[in-house]
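Have a look at the structure below before the remarks.
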Number of protein chains: 2
Amino acid sequence: MARKPRQRRAKATVDAIVEAGFITMAERGPAATTTRQIADIAGVGVGSIYEYFENKEEIFSVMSDRFIADTIAMIQPLIPELVRKPIKDAVLELLARFRDFLQAGDERYLKCARHAMTLGFEQHVEPLQKTLSELVTQYLMHHPETLQIRNIPTMSYIMINGGIYSVIRHLCDPAPPISFDELAEGLANMVSHYTERELALVRE
Amino acid sequence: MARKPRQRRAKATVDAIVEAGFITMAERGPAATTTRQIADIAGVGVGSIYEYFENKEEIFSVMSDRFIADTIAMIQPLIPELVRKPIKDAVLELLARFRDFLQAGDERYLKCARHAMTLGFEQHVEPLQKTLSELVTQYLMHHPETLQIRNIPTMSYIMINGGIYSVIRHLCDPAPPISFDELAEGLANMVSHYTERELALVRE
DNA sequence: ATGATTTTCCGACTTGAATCCGAACAAGCG
DNA sequence: CGCTTGTTCGGATTCAAGTCGGAAAATCAT
């Protein structure tokens, strides 16, 4: 951000711009999203955009950050509850909540997520990955027997990344070959089967 | 593509443009890739680009198609060999080959893959997914006991998508927390553990 | 309160890349 | 060789991103 908004009026302007970003992105897609479009919808002059954003990219960047931050804010409070559940139920619950989260507010986030990959969205995922890593760590602590699993960092990496992208991919697919519920069920089975098999192996 | 090249000279021009696309993309990244850059490197006039491509996007589009096609061409002949191996070895072999493939030819594809997500790359992945589905199908045929696994389409979807994106994500990550070999080992374990656990369950 | 100072806002203007176009050039063909 | 058709070129045109300088609003100092 080029300059920080100091007055309340300015903060409102910045908000309006980001908000307008979400609106145009959801309505027109990223191609038709010009600075003028955004300025018009935000009800500000083009110049104002450049008071607070280095360039158009940065608007998308801030939008991505906000989306990820909101997602994390949604997940964080669930952690204490999730770590007490059986692993399969925990995954299912997490995914169900995420689905609801995307559909809230006239599906704004869902519509934007469809174009997420087109923009440099992946660079903002890291905090989410960290949060999910945290969730995994806490889960392991609450289920000491699972600590015997080998290569926990690697498997955590794979499941988190594979999970995130399977879901995003599914959301982006206009005609997915499986339903979201099937996807969720599959991911949950994936994780639980893996841990069960691994624990069976180390017990031998 | 706006017009089809009829003479050999024209085909060479089209090739030169796509080739130049790969070169600039690998060297400068997508931001610095302008039509003039491409035209200069290809040794043609800017105008020539628009004889065969609707717009700059389409160059990237054709590049993606070619990359996917080459990947498939690399995988197809491996299938008969892969379906005979134990599942873990098959996954490891496939990933090792893919790694070598990316590193071939001065790492051209690897360098481009880094920027792949930025462009509308995902829309071109489908044929690759189809090929991998084919591989899965053939594998199942060669190992009839695995046909007892439930939800094969779902799990196939998850493993293929999760696998593709875990790998791409890993390639794009400048400082990945795990090595490629660890990733490969993890994915292989993921698949094999799942099938083993699932077979154990249905036997009960 | 009121003038000084800082912050914010704006939209015509500049810039530079994408795209178009028509003249010039090469190839195939009788 | 003339003629047609395919091909190439690079300057002209278009269009959106990003700039700038001054006006208006908010805040501050006295």
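Heavy atoms only: backbone and side chains are in, while hydrogens, waters and symmetry mates are out. Note that the structure is a prediction, hence the values are computed from the model and not measured. Naming: A, B, ... by sequence-line order, numbering from 1 per chain.
- Once rounded to the nearest 0.5 Å, the distance linking CD1 of B:Ile17 with OH of B:Tyr50 reads 10.0 Å.
- If you check residues 50-58 of chain A against DNA chain D, the residues with a heavy atom closer than 4.0 Å are A:Tyr50, A:Asn55, A:Lys56, listed by number.
- Identified under the salt bridge (charged side-chain N to carboxylate O under 4.0 Å, His left out) test for residues 102-113 of chain A, with sequence neighbours left out: A:Glu19-A:Arg108.
- In this entry the distance linking CG of B:Asp40 with C1' of D:dC9 reads 13 Å, nearest Å.
- Over its length, the helix from C:dA1-D:dT30 to C:dG30-D:dC1 turns its helix axis by 10°, as judged from the five terminal pairs at each end, rounded to 10°.
- Put simply, A:Thr35 has no side-chain N or O that comes within less than 4.0 Å of OP1 or OP2 on D:dA16.
- Of all heavy-atom pairs spanning A:Phe180 and A:Arg99, the tightest one is CE2-CB, 3.7 Å.
- In this structure, B:Lys56 has no salt bridge (charged side-chain N to carboxylate O under 4.0 Å, His left out) partners at least two apart in sequence or on a different chain.
- In this model, the phosphate group of C:dT8 is approached by a side-chain N or O of A:Arg3 to a distance below 4.0 Å at OP1 or OP2.
- Using a 4.0 Å heavy-atom criterion, one finds that A:Lys11 contacts no nucleic acid atom at all.
- Rounded to whole Å, atom P of D:dT8 lies 13 Å from atom CZ of B:Arg6.
- Of the two residues near DNA chain D, B:Arg36 and A:Thr34, the one whose nearest nucleotide lies more 5' is B:Arg36.
- In this structure a side-chain-to-backbone donor-acceptor pair under 3.5 Å is present from A:Tyr139 to A:Ile87.
- Going from atom CD of A:Gln37 over to atom P of D:dC15 covers 15 Å, rounded to whole Å.
- Each side chain to side chain donor-acceptor pair (under 3.5 Å) pair with one or both residues in residues 27-43 of chain A, not counting sequence neighbours, would appear here, but there are none.
- Rounded to whole angstrom, the span from the CD1 atom of B:Ile17 across to the P atom of C:dT19 amounts to 13 Å.
- A:Glu134 meets the side-chain hydrogen bond (donor to acceptor under 3.5 Å, both in side chains) test with A:Gln138; sequence neighbours excluded.
- In this structure, the CD1 atom of B:Ile38 is 10 Å from the P atom of C:dT19, given to the nearest Å.
- In this structure, B:Ile49 places its CD1 atom 13 Å from C1' of C:dC20, rounding to the nearest Å.
- Listed pair A:Thr13 / C:dC9 meets the phosphate criterion, a side-chain N or O lying under 4.0 Å from OP1 or OP2.
- Residue B:Arg8 contributes atom CZ, which lies 18 Å from atom P of D:dG6 at whole-angstrom precision.
- Ranking C:dA18, D:dA25, C:dA27 by closeness to the A:Arg9 side chain, first place goes to D:dA25.
- No side-chain heavy atom of B:Leu183 sits less than 4.5 Å from a side-chain heavy atom of A:Thr154.
- Between B:Glu198 and B:Ile149, the shortest heavy-atom contact is CG-CG2, 3.6 Å.
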